[in-house]
Amino acid sequence: MKKYSVFSLARNALDYHENWTEAWRSPEPKPEYDVIIVGGGGHGLATAYYLAKEHGITNVAVIEKGWLGGGNVARNTTIVRSNYQLEGNAFFYEKGMDLWRDLSQDLNYNVMFSPRGVINLAHNDAQVDAFQRRGNTMRLNGIDAEWMTVDQIKKKAPLLNTENMRYPVYGGLCQPKGGTARHDAVAWGYARAADDRGVDMIQNCEVTGMRIENGKILGVETTKGFIGAKKVGVAVAGHSSQVFQMAGMRLPIETHLLQAMVSEPVKPALDTVITSGAAHCYISQSDKGELVFGGDIDFYNSYAQRGNYPIIEHVVTAMCELFPAFSRLRLMRTWGGVMDMSMDGTPIIDKTPIDSLYINAGWCYGGFKATPASGWCFAHTIAQDQPHDLSSEMRLNRFETGHTLDEKGVGSTPNMH
Amino acid sequence: MLIKCPWCGDRALQEFSYQGDATVQRPAEPAEPTDAKWDDEWYQFVYLRDDPKGWHDELWQHNLGCRKHFKARRNTVTHEIADTGPMNEELKGGDK
Ligand SMILES: Cc1cc2nc3c(=O)[nH]c(=O)nc-3n(C[C@H](O)[C@H](O)[C@H](O)COP(=O)(O)OP(=O)(O)OC[C@H]3O[C@@H](n4cnc5c(N)ncnc54)[C@H](O)[C@@H]3O)c2cc1C
Ligand SMILES: [Zn+2]
């Protein structure tokens, strides 16, 4: 791999940037691998990278039905945080924050991680209590959290409307270490670094079946033929139910649709992430200058990567209430992604009842921030054939045994998490 | 998206709320409430879903209208609705 640096940039400028090499190879699949990862999203690619880097397993293929980064990894609103209360979640996401910090150096790829702070706005007394409690829990777990008064928030985000609205802002809980990262760079960076360690990226290759004999997986059927594997890890996000159906499994998951949108680009106007659970809107500004925002899911099961107009209207209304100045901007693009909503709102990283078949699923709309930690723990689960300590409560059988991790306490209603 | 309430006719999506999979069945009460099979049936009823890509029988409520619950057969890829009807009637259409 040619290292990216200011020197390589200068050297390539001399021949008009015509001689950059490809970021990764595009090999034909081998007949057999030690590990096959199904799904070339953030989680699959991170898993392949940590299998090679942390566990020395390099005879690995990532099998992706479309192109790398065509799924949710490059459709999300890029918010990174670890403001969880349950211990089964908190330390996992906090590991992610540790990995985010050095990710650009580790991958030799600029993922533009920007810890600009994530502020959750409170709009009533009950929310103030709940958020302060959350902040205290986080601090007891050693995770950064700060309560902000309205004045402090106004200083950080001067364009934010806090008073002249139906539900005025009472304050907010900030995680200063949270922020954003450039989502497609995360996919490309992991892919390039994994390829450099020998991992094969097999794109345009859909997994259509699983070959299972005597309770053990032997490989996967694909549109490029059968590919054998000693172990198979599946990280297909919104298609988890579909792929595990090939193994005869039903999951505690429903697939739902989440939309996001961007405005036309403007000069820097917002240098933090503002979220309002009550208004159903979260918003940040990308490095290109677009305001990136989103809100609720569309609420009904969907595999269509496009959504319905009422939700767009709802999100835009909330955004205009929070930032009246932005109401003058044109909406440039809207899009959607299909997400694996689990029955308790928490992901699953585990072995399965089928020998050598592993599951990584149930990310709901919060899987982007988890990308590094998810890859880290899933690689361990596959390599050691047992869950990592940090994901030891994210078991597949927790619904059966009554050990759900329901951060919001809303029960088995996937569209409410 | 327009949804046809069996009682009120075609109405806009915003008048409805989604109530989930209509195919899961509440387990019948067994003779022995400690029956392990009953536990498993409850686990499947509460947590496991087919989550199909295609035709899906589901529950909706016309909550900003007549407030009644009903069933719909909707395609989860195209969002097309083949049929809607009261809870006690079989749905038709779609290639299900
Ligand atoms: C609009 C939107 C906003 C979001 N905002 C945030 C946010 O702000 N913060 C946050 O933390 N999270 C956010 N998320 C959630 C986050 O993006 C996802 O949870 C996460 O990206 C899922 O993991 P992934 O990257 O591996 O998924 P994906 O990128 O979807 O990867 C799965 C891959 O599997 C492939 N695949 C599927 N079936 C097969 C098959 N049969 N064979 C081969 N390949 C297959 C797919 O093509 C896909 O590329 C958001 C999601 C959306 C849609
Ligand atoms: Zn009605």
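Only heavy atoms go into these numbers, but all of them, side chains included; no hydrogens, no water, no symmetry mates. Sequence lines set the chain letters: A, B, ... in the order given, protein chains first and strands last, and positions in each chain run from 1. All values reported here derive from a predicted model rather than from experimental measurement.
By the 30° and 60° cut-offs, the orientation of the rings of His56(B) relative to Tyr18(B) is tilted. Ring geometry for Trp42(B) against Phe45(B) counts as perpendicular: the plane angle is over 60°, on a 0 to 90° scale with 30° as the lower cut.
Options Gln242(A), Gln305(A), Arg306(A), His239(A) differ in how many heavy-atom pairs under 4.5 Å they form with chain B, and the most are formed by Gln242(A). Taking His79(B), Gln14(B), Gln44(B) one by one and counting their heavy-atom pairs under 4.5 Å with chain A, the maximum is reached by His79(B). Among Ala12(B), Pro52(B), Gly20(B), the residue making the largest number of heavy-atom pairs under 4.5 Å with chain A is Pro52(B). Of the listed residues Ser240(A), Ser342(A), Ala304(A), the one with more heavy-atom pairs under 4.5 angstrom with chain B than any other is Ala304(A).
Ion pair Asp344(A)/Arg398(A) flagged as a salt bridge, since at least one NZ, NE, NH1 or NH2 atom sits closer than 4.0 Å to an Asp/Glu carboxylate oxygen. In this structure, Lys4(B) does not pair ionically with Asp10(B), as no charged nitrogen and carboxylate oxygen lie closer than 4.0 Å. Contact check on Arg74(B) versus Glu58(B) returns a salt bridge, with a Lys/Arg side-chain nitrogen under 4.0 Å from an Asp/Glu carboxylate oxygen.
With a 4.5 angstrom heavy-atom cutoff, Ile311(A) does not touch chain B via any of its atoms. With a 4.5 angstrom heavy-atom cutoff, Leu13(B) touches chain A only via side-chain atoms. With a threshold of 4.5 angstrom between heavy atoms, Tyr47(B) approaches chain A through its backbone and through its side chain. Of the atoms belonging to Asn308(A), it is side-chain heavy atoms, and not backbone ones, that fall under 4.5 Å from chain B. If you measure heavy-atom distances from Asp40(B) to chain A, the contacts under 4.5 Å come from the side chain alone.
Residues of residues 408-417 of chain A lying under 4.5 angstrom from chain B, judged on non-hydrogen atoms, are Ser412(A), Asn415(A) by number.
Phe299(A) meets the ring pair (Phe, Tyr, Trp, His ring centres under 6.0 Å) test with no other residue; sequence neighbours excluded.
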> Under the salt bridge (Lys or Arg N to Asp or Glu O under 4.0 Å) criterion, do Arg73(B) and Asp83(B) qualify, and how do the steps go?
Replying inline: CA-CA 5 Å; Arg73(B) 178 165 295 168; Asp83(B) 193 17; over 6 Å; no
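For the pair Lys71(B)/Met87(B), a side-chain contact is recorded, criterion being any heavy-atom separation below 4.5 Å from C-beta on. At a threshold of 4.5 Å between non-hydrogen side-chain atoms, the residues Asn89(A) and Glu87(A) do not count as touching.
Under the 3.5 Å distance criterion, with hydrogens and angles disregarded, no donor-acceptor pair is assigned to the side chains of Arg250(A) and Gln245(A).
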